[in-house]
Amino acid sequence: TLLIKGPTQPVLEGESITLECLYSDSEFNISHVHFEVFSKYIQSWRPVWERSWCSYLMQIERTAERLVLSMPHAGRFYEGPYRCVSDAENVTAPDNSSQPLAFKVHYMGELSLSREGYTSYLGVPQELKVRLGDDVVVKCSASSSEEPSYFWNKDGDDWILPSSTLTLRKVRAVDEGQYTCMAEHPSVESLRKTRTVSITILSEDAPWYESSNGRLLLMTSAAAVSLLVFILSMSVFLCRRAQQTKTSKGPM
């Protein structure tokens, strides 16, 4: 029987993983055996090759009795499933292919903050300046192998908000301070991330450009003006070049 051995418990991203192909009670040897991984994108099995690119590293070593696949740094795309397959002729089940083996890789990315009404690509500045009486809605999120549990709290206060969204309606001066979002992985206690944002309350008559919304508007307006100037400049350049080309040719 062709067997595959590997992790029987979930592993953490960054840990090392070792898979082994070997025969049990069989006359066949391991020389014609290779690893295969099931691709979820093309929905088929494909061979596993040695590769080294950035943090993605796979090493294959063959001995007389087994084939070993080493992954020094487990990644979220390494879950498999994997199997061992023999290319030898006249080999039938269960000697030509092992049972599939899959394992869970737990991970959690860095936290990102976004404001209600704004694209998540803009993010939230480390210091959020808002006018007195404005509404503040900040959402906390993270990529994770399982949906995290989110909590918000304010430095100096003893309240904890069990939610991914911090909502402050008609902010007052007492709402100013440091707010921290914490995300906890439901299955791995050691996987937790935090992100802090400082909220500064401006007076109602503060200039509009002092608030974070005003600064964002200035930045986007400046980018739009720069793009418009570039387009106009290119249009003028191309028109002049076309005229010069036409003049240089003269009448036919």
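The first residue in the sequence is number 1, and the count goes up from there. Heavy atoms only: backbone and side chains are in, while hydrogens, waters and symmetry mates are out.
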Inset, instruction - Report the distance from atom CD1 of I160 to atom CE of M182, rounding to the nearest 0.5 Å. - result: 6.5 Å
Inset, instruction - Starting from L111, walk the hydrophobic network (Ile, Leu, Val, Met, Phe, Trp, Tyr; side-chain heavy atoms closer than 4.5 Å) and list everyone else you reach, by chain and number. - result: Y150
Legend entry - Residue pairs fulfilling ring-ring contact (aromatic ring centres under 6.0 Å, His included) with at least one residue in residues 158-203, sequence neighbours excluded: H106-H185
Legend entry - salt bridge (charged side-chain N to carboxylate O under 4.0 Å, His left out): pairs with one or both residues in residues 93-103, sequence neighbours excluded: none
Inset, instruction - Mind listing the closest non-hydrogen atom pair of V138 and V136 along with its distance? - result: CG2-CG1, 3.8 Å
Legend entry - For A183 against P148, the heavy-atom pair lying closest together: CB-CB, 4.1 Å
Inset, instruction - Measure across T200 and E127 and return the closest heavy-atom pair with its distance rounded to 0.1 Å. - result: OG1-OE2, 2.7 Å
Inset, instruction - Mind checking side chain to side chain donor-acceptor pair (under 3.5 Å) for T194 and listing every partner two or more places apart, or none if nothing turns up? - result: none
Inset, instruction - For side-chain contact (heavy atoms from CB on, under 4.5 Å), just list the numbers for I231 and S233, CA-CA rounded to whole Å, side-chain angles, deciding distance to a tenth of an Å, and then say yes or no. - result: CA-CA 5 Å; I231 293 175; S233 300; over 6 Å; no
Legend entry - Value rounded to 0.5 Å, distance of SG in C21 from CZ in R62: 8.5 Å
Inset, instruction - With sequence neighbours excluded, tell me which residues meet ring-ring contact (aromatic ring centres under 6.0 Å, His included) with F28. - result: none
Legend entry - Check: R169 main-chain N/O paired with D135 side-chain donor or acceptor under 3.5 Å: no
Inset, instruction - Output the distance between atom CG (D25) and atom CG (L3), rounded to the nearest 0.5 Å. - result: 9.0 Å
Legend entry - Point-to-point distance, once rounded to the nearest 0.5 Å, from CG of L67 to CG of L22: 10.0 Å
Inset, instruction - Drop me the distance from L168's CG to W152's CH2, to the nearest 0.5 angstrom. - result: 9.0 Å
Legend entry - Distance-only polar pair, side chains of S24 and T1, donor-acceptor under 3.5 Å: no
Inset, instruction - For the residue pair T196 and Q178, confirm or rule out a side-chain donor-acceptor distance under 3.5 Å. - result: no
Inset, instruction - Using the test salt bridge (Lys or Arg N to Asp or Glu O under 4.0 Å), find all partners of R76 that sit at least two apart in sequence or belong to another chain. - result: E13
Inset, instruction - With sequence neighbours excluded, tell me which residues meet side-chain contact (heavy atoms from CB on, under 4.5 Å) with E36. - result: H34, W45, R83, V85
Legend entry - Nearest-0.5 Å distance that lies between atom CG in L113 and atom OG in S141: 7.5 Å
Inset, instruction - Using side chain to side chain donor-acceptor pair (under 3.5 Å) as the criterion, list what pairs up with R66, not counting sequence neighbours. - result: E20
Legend entry - All side-chain contact (heavy atoms from CB on, under 4.5 Å) counterparts of I17, not counting sequence neighbours: P7, V11, L19, M71, A74, F103
Legend entry - Test log, rule side-chain contact (heavy atoms from CB on, under 4.5 Å), inputs V68 and I60: CA-CA 6 Å; V68 180; I60 299 177; over 6 Å; no
Legend entry - Test item: E176 side-chain N/O and A173 main-chain N/O as donor-acceptor pair under 3.5 Å: no
Inset, instruction - Return yes if some donor-acceptor pair links the side-chain N/O of S98 with the main-chain N/O of C84 below 3.5 Å, else return no. - result: yes
Inset, instruction - Output every pair passing salt bridge (charged side-chain N to carboxylate O under 4.0 Å, His left out) with a member in residues 146-161, not counting sequence neighbours, ordered by first then second residue. - result: none
Legend entry - Non-neighbouring partners of T165 that pass side-chain contact (heavy atoms from CB on, under 4.5 Å), sequence neighbours left out: V137, K139, S163, T167
Inset, instruction - Any pair with a residue in residues 129-199 that passes disulfide (SG to SG under 2.5 Å), sequence neighbours left out, goes on the list, sorted by first then second residue, please. - result: C140-C181
